[in-house]
Asker: 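The following block contains the structure, expressed as structure tokens.
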Number of protein chains: 2
Amino acid sequence: MSKATEITVWESVQLEFIQKWRELGTAWGIPPAMAAIHGLLLSQADPVVTDEVMSILSLSRGSAHTQLQALVEWGLVYPVKSLGTRQMRYVAEKDAWQMMSCIARQRKKQELDPLLALEAWKGVRSENAVDLDAVRALDKTLDGILTQARAVDGVFERVLSEDERWWEQWLIRGLRRN
Amino acid sequence: MSKATEITVWESVQLEFIQKWRELGTAWGIPPAMAAIHGLLLSQADPVVTDEVMSILSLSRGSAHTQLQALVEWGLVYPVKSLGTRQMRYVAEKDAWQMMSCIARQRKKQELDPLLALEAWKGVRSENAVDLDAVRALDKTLDGILTQARAVDGVFERVLSEDERWWEQWLIRGLRRN
DNA sequence: ACATAGTTTCAATTTAAAATGAAAGTACTG
DNA sequence: CAGTACTTTCATTTTAAATTGAAACTATGT
């Protein structure tokens, strides 16, 4: 197999992967461009420059920039300052556990925290001393939800705060039992 | 406090809750109408009819119908056939643990299963005996991700399959430790 | 089997999210 | 302190998702 053929084979595998990753991203509620860039960087060993992202994925500069920023923000991608040029390069975190932590952290922030914020809303009523059957029933339902949310939050906090990966073993053990 | 005042107070609390729930839904990637209907049913003790949903939330019949179906599909809402009329009524599951299971199940289906499906894609290459450094590197990254995904999947399966709530206690214990 | 009350579907529209691209901003380089 | 090389921003456009509403459909009672 010639060098040129190798490149073609690899590129087709890579583009296929990026496509899969983009579709996956959609299912996860992640903007297509962001998922595609992440797919590109995940499948690429060495750092990549904005213009490469743009040309490989046919994205505008604005979109490439914004989504790269978001990926860095999430901690899924590291910006690397290359010496001699002020051009920024980007590499993806390849470690699966690390990746998952970033995503979990993000989701906690976006989904769990707003739910926990309902606590405050419920609190407003005890001040105003609203006392009706229907309101009490709603508050009871809400209590159940909040208790559960706090429990899940506790697990997230614990799992995400440890530098240790004690839970990695725990998860894998859980898997075996099935 | 007169009966009429009570109703007004309750209604304003309820509408406020529905609004909060709709916003929360948005953060969770749930269509606003679906979240609003769920909020209405969650805060309503007794079954509700499609036309009530429509008028209280100012939704079209089509939307109300489709989203109610989706909620039933998810298991978050039960359809109740009332005797004497063929009109369908709907009640929400109020138990927090039950609710969470439904949502978790849905997410597993939408997010985790597609990820696990990458296994098959990776398999294609061993058949075609593609052997390049770059491909091998990608497959290694992918292996890490898949291992992790399988572990998470195992936990989901286990938690969701038990009728027992052994993990309820476990979660709450986890919370206390923080 | 006709009328009525309710349900379901779906092409067309609306609304919200994401992408574009050009202009403005910033930092390095001689 | 230009001049260039790259980055950032943001008003506009595009695209995708959700909603509408009216027509088709189905079950039920007389």
Side-chain angles (χ1 to χ4, degrees), chain A residues 18-19 21-41 47-74 77-91 106 110-111 114, chain B residues 18-19 21-41 47-74 77-91 106 110-111 114:
Chain A
I18 292 169
Q19 179 51 21
W21 206 250
R22 191 212 300 267
E23 285 163 14
L24 221 48
T26 304
W28 284 63
I30 287 161
M34 184 171 168
I37 296 172
H38 188 226
L40 169 61
L41 297 195
V48 161
V49 116
T50 305
D51 293 68
E52 289 172 320
V53 170
M54 286 167 62
S55 74
I56 296 172
L57 303 174
S58 325
L59 290 174
S60 70
R61 185 171 300 281
S63 183
H65 174 76
T66 309
Q67 303 311 322
L68 277 167
Q69 291 296 81
L71 286 165
V72 170
E73 184 75 21
W74 283 36
V77 164
Y78 304 110
V80 230
K81 263 226 150 54
S82 22
L83 286 76
T85 165
R86 81 190 180 89
Q87 193 167 220
M88 202 56 96
R89 308 180 90 84
Y90 300 91
V91 228
Q106 206 58 31
Q110 291 179 350
E111 306 187 0
Chain B
I18 292 169
Q19 180 50 22
W21 206 250
R22 191 213 300 268
E23 284 163 15
L24 222 48
T26 303
W28 284 64
I30 286 162
M34 185 171 167
I37 296 172
H38 188 226
L40 169 61
L41 297 194
V48 160
V49 118
T50 305
D51 292 68
E52 290 172 320
V53 171
M54 287 167 60
S55 74
I56 296 172
L57 304 174
S58 326
L59 291 174
S60 70
R61 186 171 300 283
S63 185
H65 173 77
T66 309
Q67 303 310 325
L68 277 166
Q69 292 296 83
L71 286 165
V72 170
E73 184 75 22
W74 284 35
V77 164
Y78 305 110
V80 251
K81 264 228 150 51
S82 24
L83 286 78
T85 166
R86 82 191 181 87
Q87 195 167 217
M88 202 58 96
R89 308 179 91 86
Y90 301 90
V91 228
Q106 206 60 31
Q110 291 178 351
E111 305 186 1

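So that the names make sense, note that chain A is the first sequence line, chain B the second, and so on, each numbered from 1. Hydrogens, waters and symmetry mates play no part in the numbers below; they use all other heavy atoms, side chains included.
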Asker: Can you tell which of B:T50, B:T66, B:D51 makes a side chain to side chain donor-acceptor pair (under 3.5 Å) with B:R61?
Answerer: B:D51
Asker: Search all heavy atoms of A:A36 against all heavy atoms of A:I18 and return the closest pair with its distance.
Answerer: O-CG2, 3.7 Å
Asker: Report the residues that fulfil side-chain contact (heavy atoms from CB on, under 4.5 Å) with B:Q110, sequence neighbours left out, ordered by chain and then residue number.
Answerer: B:W74, B:Q106
Asker: What is the distance from atom CZ of A:R22 to atom NE2 of A:H38, rounded to the nearest 0.5 Å?
Answerer: 14.5 Å
Asker: Check whether any side-chain nitrogen or oxygen of A:H65 sits under 4.0 Å from OP1 or OP2 of D:dT8, and answer yes or no.
Answerer: yes
Asker: Rounding to a whole Å, what distance do you find between A:L68:CG and D:dT9:P?
Answerer: 14 Å
Asker: Quick one: closest heavy-atom pair of A:A64 and A:V53, and the distance?
Answerer: CB-CG1, 4.1 Å
Asker: May I ask you to test the B:P47-B:Y90 pair for a side-chain heavy-atom distance under 4.5 Å?
Answerer: no
Asker: Using nucleotides 17-23 of chain D, report all nitrogen or oxygen pairs with the protein that are shorter than 3.5 Å.
Answerer:
from	atom 1	to	atom 2	distance (Å)
D:dT19	OP1	B:A33	N	3.0
D:dT20	OP2	B:S60	N	3.0
D:dT20	OP2	B:S60	OG	3.1

Asker: Please report the distance, rounded to the nearest Å, between CZ in A:R89 and P in D:dT7.
Answerer: 10 Å
Asker: Any chance the side chains of A:Q69 and A:E73 put a donor and an acceptor closer than 3.5 Å?
Answerer: no
Asker: Please tell me if the side chains of B:L41 and B:L68 come closer than 4.5 Å, counting only heavy atoms from C-beta onward.
Answerer: yes
Asker: Atom CD of A:Q69 and atom P of C:dA18: how far apart are they, to the nearest Å?
Answerer: 17 Å
Asker: Identify all pairs in which a protein N or O lies below 3.5 Å from an N or O of nucleotides 27-30 of chain C, and state each distance.
Answerer:
none

